[in-house]
Number of protein chains: 2
Amino acid sequence: MARAPREPGRGAVRRRDDGRLERGRRTRRRLREAARSLINERGFDHATLRDIAERAGMGTSSIYRHVRSKEELLIWELAELQSEAWTRFRASDDKVSPTRERIGRFFEVQHQLLASQPDFTVIALRAATYPPKPAARASLKLADQTVAILAEILQSGRKNRDLDPTLDLLAAANALFQVASSARMSWANGLLTEKACRKSIEASVDLLFRGIGSRS
Amino acid sequence: MARAPREPGRGAVRRRDDGRLERGRRTRRRLREAARSLINERGFDHATLRDIAERAGMGTSSIYRHVRSKEELLIWELAELQSEAWTRFRASDDKVSPTRERIGRFFEVQHQLLASQPDFTVIALRAATYPPKPAARASLKLADQTVAILAEILQSGRKNRDLDPTLDLLAAANALFQVASSARMSWANGLLTEKACRKSIEASVDLLFRGIGSRS
DNA sequence: CCATCAACGCCAACAGGTTCGCAAACGCTT
DNA sequence: AAGCGTTTGCGAACCTGTTGGCGTTGATGG
């Protein structure tokens with residue numbers, strides 16, 4: 001009754017690489033491409049699974065051999081883009097600039113990643129609102145990866161005496177992540193222009209660095 | 001073609017109070033009660049509109065005479081509980097205690113409000129991920145009300161020299177709101193116990209007050 | 001009293017994500 | 001070659017939120 005499909009990338013191949021597995025990978029590529037393009041054209045909520053399946057040249061229900069929910073199609077995409085972006089960022093990060101500056105560059109990269117498609121932010125968040133579903137965990141995992149990078153930056157900053165030495169890295173990284181996501185949601189909801197969204201993120205990061213309390 | 005129903009509480013009664021309007025209110029009460037109980041029993045996602053309608057003694061599609069989406073049923077409930085809670089809080093808030101303490105009390109009240117039903121946090125957030133729908137705006141409005149109270153507290157705190165005098169009130173209030181919501185989402189996703197959720201909120205608030213940066 | 005109109009109500013149907021049951025493809029073992 | 005297990009594929013059906021079209025109710029105005 002192995003009904004649930006494996007995760008895309010890993011998934012213990014407990015057997016010699018099969019011809020079927022190869023076929024499966026090819027199908028997944030087609031599916032991924034069809035989903036990507038259709039979601040780009042119409043937006044996630046207007047891209048029907050039936051249409052995606054048609055474009056991918058397969059039956060609708062076959063999608064569920066490769067994915068456990070519609071959201072996972074977008075999570076796939078986001079996971080890949082994100083992992084690329086984060087390795088690029090890690091390579092370009094000098095680890096010696098002032099921490100505030102490094103965080104600023106990080107959010108620039110993230111913004112570049114997410115600004116093309118509001119759906120990335122919106123659907124990832126929505127997926128997290130279905131706690132029992134695997135897509136929720138997948139989405140939280142992506143968020144964790146992002147938080148981890150922020151924590152990494154903060155850690156080296158703390159070592160350089162650039163930050164409060166008693167700082168709770170994860171809590172701080174998480175707060176940074178949250179305020180950025182919040183701004184991007186406002187953007188997706190049409191309350192902020194892209195420019196204003198960017199500015200809001202910058203302002204919130206500044207706020208977090210300085211803190212709310214007075215410095216007397 | 002007045003197909004869309006009015007908002008629950010307000011909604012310009014542009015006519016003498018009708019017997020029909022009275023009937024409508026009665027129906028809405030029944031609907032509200034049915035929705036509340038069924039959602040409490042089974043959780044939002046397992047409470048079917050067909051079941052809710054049956055318990056309320058009405059046809060399924062009649063629900064849409066009073067509500068524009070399923071989410072609004074929960075938003076109703078949350079709006080009412082929240083407005084009660086906030087007035088209670090405003091009454092009990094002394095406006096002179098240290099700001100950190102007042103914020104702490106606020107989050108206690110909010111936690112008491114939201115800890116009974118993860119759905120409140122989860123579905124309100126989900127509703128915000130459907131930008132074109134009215135429920136999204138309704139949810140954002142509720143969030144804004146909460147942020148407004150936090151901003152109010154911060155404002156008097158700033159006046160009392162308790163906070164950074166150049167503080168951006170709304171940005172700060174929003175950040176506080178976000179970190180609390182984030183912790184509650186982790187709780188809803190089973191990553192945190194209720195106790196841990198509470199502690200996480202406290203820790204994040206402390207973090208926000210002190211700031212990330214060093215105090216050299 | 002009758003025409004009108006707004007609010008309310010409901011059956012049927014639709015739409016789209018998801019599941020079911022079964023079959024084909026493919027490799028492995030005997 | 002035959003049997004077996006696993007992966008992949010698919011049409012039909014299911015579930016549930018939502019919409020359409022039409023009827024009912026009750027107040028109002030001439």
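In what follows, every heavy atom counts, from backbone to side chain, and hydrogens, waters and symmetry copies are set aside. The sequence lines fix the lettering, A, B, ..., with proteins before strands; numbering per chain opens at 1.
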note = Between CG of A:L49 and P of D:dG9 the distance, given in whole Å, is 16 Å

request  = Among D:dT18, C:dG17, D:dC10, find the nucleotide with the atom closest to the side chain of B:S69.
outcome  = D:dT18

request  = Establish, with yes or no, whether the OP1 or OP2 oxygen of C:dG16 is under 4.0 angstrom from a side-chain nitrogen or oxygen of A:H46.
outcome  = no

query = Given D:dG21, C:dG17, C:dT18, which nucleotide is nearest the side-chain atoms of A:K133?
reply = C:dT18

Interatomic distance, B:D51 CG vs D:dT16 P [rounded to whole Å] = 8 Å

ask   = Among side-chain atoms of B:S182 and A:N174, is any donor-acceptor pair under 3.5 angstrom?
value = yes

request  = Please work out if B:S61 contacts a base, only the sugar-phosphate, or nothing of the nucleic acid, heavy-atom cut-off 4.0 Å.
outcome  = base

query = Between B:T60 and D:dT18, is there a side-chain N or O to OP1/OP2 distance below 4.0 Å?
reply = no

query = Counting only side-chain N and O atoms of B:R28, is one of them less than 4.0 Å from OP1 or OP2 of C:dC8?
reply = yes

task = Provide, to the nearest angstrom, the distance between the CZ atom belonging to B:R50 and the P atom belonging to C:dA13.
result = 13 Å

ask   = Among side-chain atoms of A:R126 and B:T129, is any donor-acceptor pair under 3.5 angstrom?
value = yes

Closest listed nucleotide, where the reference is the side chain of B:T27 and the choices are C:dC8, C:dG17, D:dG9 = C:dC8

task = Using atom CZ of B:R30 as one end and atom P of C:dG9 as the other, report the distance to the nearest whole Å.
result = 7 Å

ask   = Taking atom P of C:dG16 as reference, at what distance in whole Å does atom CZ of A:F44 sit?
value = 13 Å

query = Per the atom types in the model, does the base of D:dG26 pair as donor or acceptor with the side chain of B:R23 at under 3.5 Å?
reply = no

key: Side-chain donor-acceptor pair present, B:R102, B:S156, cut-off under 3.5 Å   = yes

ask   = Reckon A:H66 has a side-chain N or O less than 4.0 Å from the OP1 or OP2 of D:dT7?
value = no

message = For a side chain to side chain contact (heavy atoms under 4.5 Å, CB included) check, start with the C-alpha distance between B:N40 and B:R36, then their side-chain angles and the critical distance, and finish with the verdict.
response = CA-CA 6 Å; B:N40 255 342; B:R36 196 193 57 71; 3.3 Å; yes

task = Establish, with yes or no, whether the OP1 or OP2 oxygen of D:dC10 is under 4.0 angstrom from a side-chain nitrogen or oxygen of A:S62.
result = yes

Separation of C:dA25 C1' from A:M58 CE (nearest whole Å) = 15 Å

Whole angstrom value for the distance that separates P of C:dT19 from NZ of A:K70 = 15 Å

message = Parallel, tilted or perpendicular: which one describes the rings of B:H111 and B:W187, with boundaries at 30° and 60°?
response = tilted

key: Spacing of A:R26 atom CZ relative to C:dC26 atom C1', expressed in whole Å   = 13 Å

